[in-house]
Every structure is written in C-alpha cells, then in structure tokens.
S.K.: 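The structure is given below, and queries will be raised subsequently.
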Amino acid sequence: MQLTRLRGFQDTLGAQARSLAAVEDCARKMAERHNVGEIRIPVLERLELFQHSSGETSDIVEKQMYAFADRDEAETTLALRPEGTPGVVRAYIEAGLDRSDPEQRFYYAGPMFRRERPQKGRFRQFSQFGVEIFGRADAATDAELMVMIDELRRDLGLELNFEINSLGDSECRPRFRQAVLEYGRAHFSELCEDCHQRLERNPLRLLDCKIDVKLAEAAPKSLDYLCDACRAHFAAVRELLTDAAVPHAVNPRLVRGLDYYTRTTFEVISTAVGAQSAVAAGGRYDGLVEALGGAAVPGSGFAIGVDRLALALEAARFASYADAAVIALGGAATRRAMKLAAEMRAAGLRVELLSPGRGLKALLRRADKIGARYAVIIGDNELGRATAVLRDLKASTQNEVAQHDLVAALCAGGGAR
RNA sequence: GUGAGUGUAGCUCAGUUGGCAGAGCAUCGGGUUGUGGCCCCGGCGGUCGAGGGUUCAAGUCCCUUCACUCACCCCA
C-alpha cells in the first residue's frame, strides 16, 4: 500500500457511513420542523473572515487552520473553514439581509477542517450541523436552540447533558474579564504553565483549566458580574428550558473558545465518546454581524459535531439489509431477473441482483451475508413455467410463485419494511 | 505542539533463553451437479510498518524513522 489517506482524515463506509447519514438526516428533519431553512456556503473563504470573527488569539485561528495563497496575482490568502458560523454571517450580510429582512433562520451541514492532533472523536476533517438565527435578541430564541438539540437527542435515542452559562454583554463582560485577569495575576505563581499563557491571550480560559481545579473554582464567576438586562435574559432562558423539560445544569466555568459569544452560552456533553465529549455547543453572538461589517443585528446559534454524535450511537443499529436478493441461474434467467428486480424496486423494495454465474449454494450464502430477508431464485425450470422460487431466509421455507405475483407476495410477506 | 502505548495474513491477535511464520475469524472451494446460516474437510493469503546495526542465525536484541491509537492542549 503506497498511497494512504492523510493523517487525521478518514474514509467512512458501511455501518459508520449509515450512522453519520442517520444523524444528519435526523438533524435536517428537526431543523425543517422548526421552519429553519438550509443555507449552502463555500468550504473555502478568505482567511481574514475567520480572523475577524473567531478571534485573532484563538487557537483555531493561530495554529489550526489550513491556510494558503491562491493562484491569483494578489495571492489572496484562503482558508478551509474551521467552523460554519463566520461563513453564514458573511453570506447573510452579502445578501443584504441584515438591512432588508434581518430575521432569518438557517441551518448548514458539511465538513470543517482543523489541523489538530487526531484522537478519538477529533479529526482534521469533521462534519458539523449548525443552526444560526439572526435578528432575534429574545430569550426564547436561545431556549429554542437548546430545545432543538434536545429533540434531536430524543430522536436518536441518546443520553446527553446540557450545561449553560452566561458571559454577559458588551457592558458587563469587560468587567468580568478584568476581574478574571486581576485574579489570575494575583495568583500567578500558583497557576500552571498553560494558564500563564492563557492569562495573556484569553483570560476567560482560566476557568476551565483541568489542572488547577480549585483555583479555577475560586475564580470570579461571570454570573456575579451580569448587568440587570443580562441577568434577566439568563433567568428567562432557564425558565423556558425548564418549561420545555430540557434538563440543564448551570456551569459557571463554561466559557467558549471563540471571542464572539455574548450572554447565553451552552455545551452539550455525551459520556459515551471519550475525552472529546462535547457533541454540541453554541450561544449568542450579538456583536458578530456588526463586527463583520453588517448592521447591528443580534444572532444566536449552535453547531453539532456529527461525527461525535454518530460515535455515540450503537453500530449495531446500522447493520446492512435488503428486502430481497435476486438469484439468476443462467444467462436467459438473468435477463428475466433484471426485469423482476426492477419491478420490485418500483414497488419500493430494497433489492439486489446477485452476480450471476456462480453456484446456487454460493449465491444463497451471499444472500445471507448481505442480510436479505428473501431470496428470489430463477433458473431454467422457473423460466419455463414463468415462476420463481421465493425463499424466506429467516424461516427457511420456500414456495414457487408466478412471476406476476412476485411483488404482491413479497409485500404480503412483510418484505417491505 | 507535548506525552504514553501499539505496529506480525483482509480482521483480532499468539509467537518461549535469538533457531523452519502461527491460530481464530473472514474469504474461496468441497462434503450436497438447484438450496444459506450450524458442522466437517481443504485452498488462497506474509516486505513480521520501513531503514540500518549486532549475530552463524533477528518477528525477538540495539539505533533511526514512519504510521496508528489514546491522552494533554484545543474544541463540535
């Protein structure tokens, strides 16, 4: 084997592919239910877009992006998107919606790229499903986002924990940040090395340090610094969540890696997927649209890690199956079998015509292998009588039916699932 | 970027003080010329991750390197 896949990138097939598709299908249906429409945006954008939105000092922008010069004369610097939100906001502004029709609800799905060291649940290309709601500053919007994830959780049959916090707005967040900074400086000698760096680059990150847990717990909490408006907003979100029966815990140490979050912030955690346990996260970003050159329009959204959610699903649920395997013995039978298989598919059945030319024994083994419920056997005998042998592979029984009764027999026998 | 663990058949893994490269599963065929799964028999399948060194002899010991995995970090 000479040519192999790139480190951190993966080929997905079989049960794993079906599992990913199931998560994405489920998420799409959920979003459509909430009258959220799809937006399709490029995978490649100008590097500056991410620098201006995610924050210059975030790790994502500093060292995780795939960035390179374009072949144009200006050598525009491009980057593979590390997350979905900036592109959606850019598209929203570019379409003029911030001025003409600010209230919008979008969902997107697709690959994101970050050049991190791979581990369980973390890949350099990964798939996200996200929802962004623009033009609404109310608490109900934030609550609805979490309700959406809770619905998806229920549809998929998963146990997930919701954590929620508020980071304040442009009025109270700076005060909180200053308090953390001062706290960090006061305890500088007790902080771990990582935290020394965090203090300068992104002080809020001090709060979710896993080494100096006691120090982090004693640090200032954003909730104590909220202004009256933010406090009321947070209380309203929590009340709505409780009404909607979404169990959630307040985590005062929950901060987000991206600069643009304001007020509500939340994270959804699975216990079933390893150390990379956050399967969804989001929050409010009221200043982002304006920061990217649009009107002062509030926004709120989330992103789901599709790969991680799929990881949490049991692989057994995605075993392959077919309603019927069609077995033809001989060339003349094959021509007839092709037509019969087409009729079955037209009736909505999942049907595979097995590769002819081998013995019946081998073909039946194959039918069993692909999880077929029934085998339809056509040889010279059946061809002459215009019949087919319909074998129930589960019950190990069979009978000969007329070819024009085949579809009806399959459907009646529970062939359609 | 940092640390630890693992690399032997398609997969999961044995392999003793250095002495002929193994098992189970999978696959293909036979037992049954047109009947799957269970059972029995057989076939196919190897650069022992790669490169170098020590040795009469290396999967095994030494060095280098690559890959994968998990964790830190970061984050969905």
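This structure is a prediction, so every number in the text was calculated from the model and none was measured. Chain identifiers are assigned alphabetically (A, B, ...) following the order of the sequence lines, protein sequences preceding nucleic acid strands; residue numbering begins at 1 within each chain.
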S.K.: Parallel, tilted or perpendicular, judged at 30° and 60°: which one describes the rings of Tyr92(A) and Phe134(A)?
M.R.: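 Tyr92(A) vs Phe134(A) ring planes: parallel.
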
S.K.: NA contact type, Ala280(A), heavy-atom cut-off 4.0 Å: base, sugar-phosphate, or nothing?
M.R.: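 Answer is sugar-phosphate: Ala280(A) comes under 4.0 Å of backbone atoms only.
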
S.K.: Nearest whole Å is fine: how far is C74(B) P from Leu254(A) CG?
M.R.: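 Atom CG in Leu254(A) sits about 14 Å away from atom P in C74(B).
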
S.K.: Using the C1' atoms only, state how far G15(B) lies from U8(B), rounded to an integer number of Å.
M.R.: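 It comes out at 9 Å once rounded to the nearest Å.
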
S.K.: Any donor-acceptor pair under 3.5 Å between the side chain of Arg122(A) and the base of C73(B)?
M.R.: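 Answer yes: a donor N or O sits under 3.5 Å from an acceptor.
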
S.K.: Examine distances only and state if a side-chain atom of Asp142(A) and a backbone atom of Thr264(A) form a donor-acceptor pair shorter than 3.5 Å.
M.R.: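 Side chain of Asp142(A) to backbone of Thr264(A), a donor-acceptor pair under 3.5 Å: no, none is there.
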
S.K.: Could you tell me the separation between the CG atom of Leu329(A) and the P atom of U35(B), rounded to a whole number of Å?
M.R.: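 Those two atoms, CG and P, are 10 Å apart.
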
S.K.: Considering every strand and a 4.0 Å limit on heavy-atom distances, what is the contact class for Gly130(A): base, sugar-phosphate, or nothing?
M.R.: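 Nothing: the residue Gly130(A), judged by heavy atoms under 4.0 Å, touches no strand.
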
S.K.: What distance, rounded to whole Å, do you find between the two P atoms, one in G7(B) and one in C25(B)?
M.R.: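 Result for the P pair: 23 Å, nearest Å.
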
S.K.: Donor-acceptor check, side chain of His52(A) to backbone of Phe50(A), threshold 3.5 angstrom: yes or no?
M.R.: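 It does not hold such a pair.
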
S.K.: Only counting residues at least two apart or in another chain, list the ones meeting side-chain contact (heavy atoms from CB on, under 4.5 Å) with Arg350(A).
M.R.: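 Tyr321(A), Asp323(A).
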
S.K.: Classify the side chain of Arg391(A) and the base of G36(B) as holding, or not holding, a donor-acceptor pair under 3.5 Å.
M.R.: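 By the distance-only test, yes, there is a pair.
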
S.K.: Between Arg308(A) and Leu6(A), who's closer to the 5' end of RNA chain B by nearest nucleotide?
M.R.: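 By nearest-heavy-atom nucleotide position, the 5'-most residue is Leu6(A).
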
S.K.: Contact class for Gln276(A) (heavy atom, under 4.0 Å): base, sugar-phosphate, or nothing?
M.R.: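 Base, at least one base atom sits under 4.0 Å.
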
S.K.: With respect to the phosphate group of C68(B), does any side-chain polar atom (N or O) of Arg7(A) fall under 4.0 Å of OP1 or OP2?
M.R.: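 Answer yes for this pair, as a side-chain N or O of Arg7(A) is under 4.0 Å from OP1 or OP2.
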
S.K.: Give one of base, sugar-phosphate or nothing for Ile377(A), where a contact means two heavy atoms less than 4.0 Å apart.
M.R.: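 Result for Ile377(A) = base.
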
S.K.: Does a side-chain N or O of Arg358(A) approach OP1 or OP2 of C28(B) to a distance below 4.0 Å, or not?
M.R.: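 For C28(B), OP1 or OP2 has a side-chain N or O of Arg358(A) closer than 4.0 Å.
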
S.K.: Gln398(A) near the nucleic acid: base, sugar-phosphate alone, or nothing, with a heavy-atom cut-off under 4.0 Å?
M.R.: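 It contacts base atoms.
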
S.K.: When you measure only distances, ignoring hydrogens and angles, does the side chain of Gln128(A) come within 3.5 Å of the base of C75(B) through a donor and an acceptor?
M.R.: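 Such a pair does not exist between side chain and base.
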
S.K.: When the distance from CG of Leu363(A) to P of U35(B) is rounded to whole Å, what number comes out?
M.R.: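 It works out to 12 Å between those atoms.
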
S.K.: Rounding to the closest angstrom, what is the interatomic distance between G5(B) and C40(B) at atom C1'?
M.R.: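 Those two atoms are separated by 42 Å.
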
S.K.: So that I can tick it off, tell me whether Asp155(A) and Lys29(A) are bridged by a salt bridge, with the cut-off set at under 4.0 angstrom between side-chain N and carboxylate O.
M.R.: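 Salt bridge absent between Lys29(A) and Asp155(A).
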
S.K.: Take Gln398(A) and Arg391(A) through the side chain to side chain donor-acceptor pair (under 3.5 Å) test and state the conclusion after the steps.
M.R.: CA-CA 4 Å; Gln398(A) 66 184 44; Arg391(A) 180 170 178 85; 2.7 Å; yes

S.K.: Let me know the distance between CZ of Arg117(A) and P of G3(B), rounded to the nearest Å.
M.R.: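 Checked: the CZ to P distance equals 9 Å.
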
S.K.: Check if the side chain of Asp368(A) and the base of G37(B) share a donor-acceptor pair of N or O atoms closer than 3.5 Å.
M.R.: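 Flag unset: no donor-acceptor pair detected.
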
S.K.: What's the CD-C1' distance between Gln119(A) and C74(B), to the nearest Å?
M.R.: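 So the two atoms are 9 Å apart, to the nearest Å.
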
S.K.: Looking at G29(B), I'd like to know if its phosphate oxygens (OP1 or OP2) sit under 4.0 Å from a side-chain N or O belonging to Lys361(A).
M.R.: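 Answer is no, no contact under 4.0 Å.
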
S.K.: Can you check the Arg124(A) CZ to C68(B) C1' distance for me, whole Å?
M.R.: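 The answer, rounded to whole Å, is 13 Å.
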
S.K.: A quick test of your reading: do over 12 heavy atoms of other residues, nucleotides or ligands sit less than 6.0 Å from CZ of Arg40(A)?
M.R.: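 No.
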
S.K.: At 4.0 Å (heavy atoms only), tell me whether Val268(A) reaches a base, stays on the sugar-phosphate, or touches nothing.
M.R.: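 Nothing, no nucleic acid heavy atom in range.
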
S.K.: How far, in whole Å, is G59(B) from U2(B) if one measures between their P atoms?
M.R.: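 Taking atom P in both U2(B) and G59(B), they lie 33 Å apart.
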
S.K.: Output the rounded distance in Å from CG (Leu360(A)) to P (G30(B)).
M.R.: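 Leu360(A) atom CG is separated from G30(B) atom P by 12 Å.
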
S.K.: Please give the distance between the C1' atoms of C56(B) and C39(B) as a whole number of Å.
M.R.: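 C56(B) and C39(B) have their C1' atoms separated by 49 Å.
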
S.K.: Can you name the nearest heavy-atom pair linking Phe176(A) to Ser222(A), along with the distance?
M.R.: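 Closest heavy-atom pair between Phe176(A) and Ser222(A): CE1-N, 3.2 Å.
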
S.K.: Taking atom C1' in both U54(B) and C63(B), compute the distance separating them and give it to the nearest angstrom.
M.R.: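 To the nearest whole Å, 11 Å.
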
S.K.: Can you tell me which nucleotide in G36(B), A26(B), C74(B) comes closest to the side chain of Arg365(A)?
M.R.: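 Minimum distance to the Arg365(A) side chain belongs to G36(B).
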
S.K.: Please, what dot-bracket string fits RNA chain B when only Watson-Crick and G-U pairs with both distances under 3.5 Å count, crossing ones use [ ] and pairs to another strand use |?
M.R.: (((((((..((((.....[..)))).(((((.......))))).....(((((..]....))))))))))))....

S.K.: Does atom CZ of Arg46(A) have more than 12 heavy-atom neighbours, drawn from other residues, nucleotides or ligands, at distances under 6.0 Å?
M.R.: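 Open.
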
S.K.: How far does the C1' atom of C62(B) sit from the matching atom of U55(B), given to the nearest Å?
M.R.: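 One C1' to the other, the span is 12 Å.
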
S.K.: Got a donor-acceptor contact below 3.5 angstrom from the Asp98(A) side chain to the Gly294(A) backbone?
M.R.: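 Here the side-chain-to-backbone pair does not exist.
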
S.K.: Could you tell me the separation between the CZ atom of Arg366(A) and the C1' atom of U27(B), rounded to a whole number of Å?
M.R.: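 Rounded to whole Å, this separation is 11 Å.
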
S.K.: Could you pick out which residue, Asp380(A) or Ala281(A), lies toward the 5' side of RNA chain B when each is mapped onto its nearest nucleotide?
M.R.: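 Per heavy-atom nearest nucleotide, the more 5' residue is Asp380(A).
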
S.K.: Taking only the P atom of each, what is the distance from C74(B) to C61(B) in whole angstrom?
M.R.: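 My reading of the P atoms in C74(B) and C61(B) gives 38 Å.
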
S.K.: Any donor-acceptor pair under 3.5 Å joining the side chain of Glu382(A) to the base of G34(B)?
M.R.: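 Answer is yes: a donor-acceptor pair is held.
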
